[in-house]
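None of these values were measured; they are calculated from a predicted model.
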Amino acid sequence: MTDYRRDAALAACCTVVLLGVLSVGDWAWTLVDPVAAVVGVAGALAIEALFVADTPVAGLWEYLYFRTASVFALLFGAVAAAYLVGPVVVGAAVWGLATYFVFLGLALAGLWP
């Protein structure tokens, strides 16, 4: 499996789980909340910058345990934060994943590093 496919599969699974959480919690409104959109897109830009800038994070992503821990941190962190801070956090996580899919599309088209 190529890196793009592997990463897209991980992101897709996370997106499905988080959309399920939004549905079960009756929090779908967070997807149209501008705060969630801004925070999610900004977060995705910051995380992507860590990979593009060739920081140690990019090398860590190649390790299975780091990818696995990242997935669990995203899912459990977003759900825990939803109950502590509010459901907008889950909406922001979905927006961040949507931004990642835009980056992935750009990379596959040869328009992103």
Worked verdict on Thr30 versus Val90 for side-chain contact (heavy atoms from CB on, under 4.5 Å): CA-CA 8 Å; Thr30 62; Val90 179; 5.6 Å; no
Quick check on the hydrophobic clustering: are Leu45 and Val39 connected, directly or via other members, by side-chain heavy-atom contacts under 4.5 Å? no
Has Thr99 got a side-chain atom pairing as donor or acceptor with Ala44's backbone, closer than 3.5 angstrom? no
If hydrophobic clusters are built from ILVMFWY residues whose side chains come within less than 4.5 Å, do Val85 and Leu18 share one? no
If you apply the rule side-chain contact (heavy atoms from CB on, under 4.5 Å), what do you find for Val79 with Leu75, and how did you get there? CA-CA 6 Å; Val79 172; Leu75 295 177; 5.7 Å; no
Measuring only between side-chain heavy atoms, which start at C-beta, is Leu104 closer than 4.5 Å to Leu108? yes
Are Arg67 and Leu60 close enough that some pair of their side-chain heavy atoms sits under 4.5 Å apart? no
Side-chain touch Phe51/Ile47, heavy atoms, less than 4.5 angstrom: yes
When you compare the side chain of Trp61 with that of Asp7, does any pair of heavy atoms fall below 4.5 Å? yes
Which atom pair, heavy atoms only, marks the closest approach of Pro87 to Leu22? O-CD2, 4.4 Å
Could you check whether any side-chain heavy atom of Leu74 comes within less than 4.5 Å of a side-chain heavy atom of Leu97, counting everything from C-beta outward? yes
If you group Ile, Leu, Val, Met, Phe, Trp and Tyr by side-chain heavy-atom gaps below 4.5 Å, do Phe103 and Tyr4 land in one group? no
On a heavy-atom basis, which atom in Tyr100 and which in Ala8 lie closest, and how many Å separate them? OH-N, 3.9 Å
More than 12 heavy atoms from other groups under 6.0 Å of OH on Tyr83: no
List the atom of Gly91, the atom of Ala36, and the distance in Å for their closest heavy-atom pair. C-CB, 3.9 Å
Using every non-hydrogen atom in the two residues, find where Ala12 and Phe101 come nearest and quote the distance to one decimal. N-CZ, 3.6 Å
When you measure from the side chain of Ser23 to the backbone N and O of Leu19, does any donor-acceptor pair fall under 3.5 Å? no
Criterion side-chain contact (heavy atoms from CB on, under 4.5 Å) on Val88 and Trp29, from CA distance to verdict: CA-CA 9 Å; Val88 174; Trp29 59 268; 3.9 Å; yes
Could you walk me through whether Asp3 and Glu62 pass the side-chain contact (heavy atoms from CB on, under 4.5 Å) check? CA-CA 9 Å; Asp3 290 346; Glu62 296 307 314; 4.2 Å; yes
Is Val71 linked to Val94 within one hydrophobic cluster, defined over Ile, Leu, Val, Met, Phe, Trp and Tyr using a side-chain heavy-atom separation of less than 4.5 Å? yes
By side chain to side chain contact (heavy atoms under 4.5 Å, CB included) - contacts of Ala37 (at least two apart): Trp95
Using every non-hydrogen atom in the two residues, find where Val35 and Asp33 come nearest and quote the distance to one decimal. N-OD1, 2.8 Å
Starting from Tyr63, can I reach Leu10 by hopping between I/L/V/M/F/W/Y residues whose side chains sit under 4.5 Å apart? yes
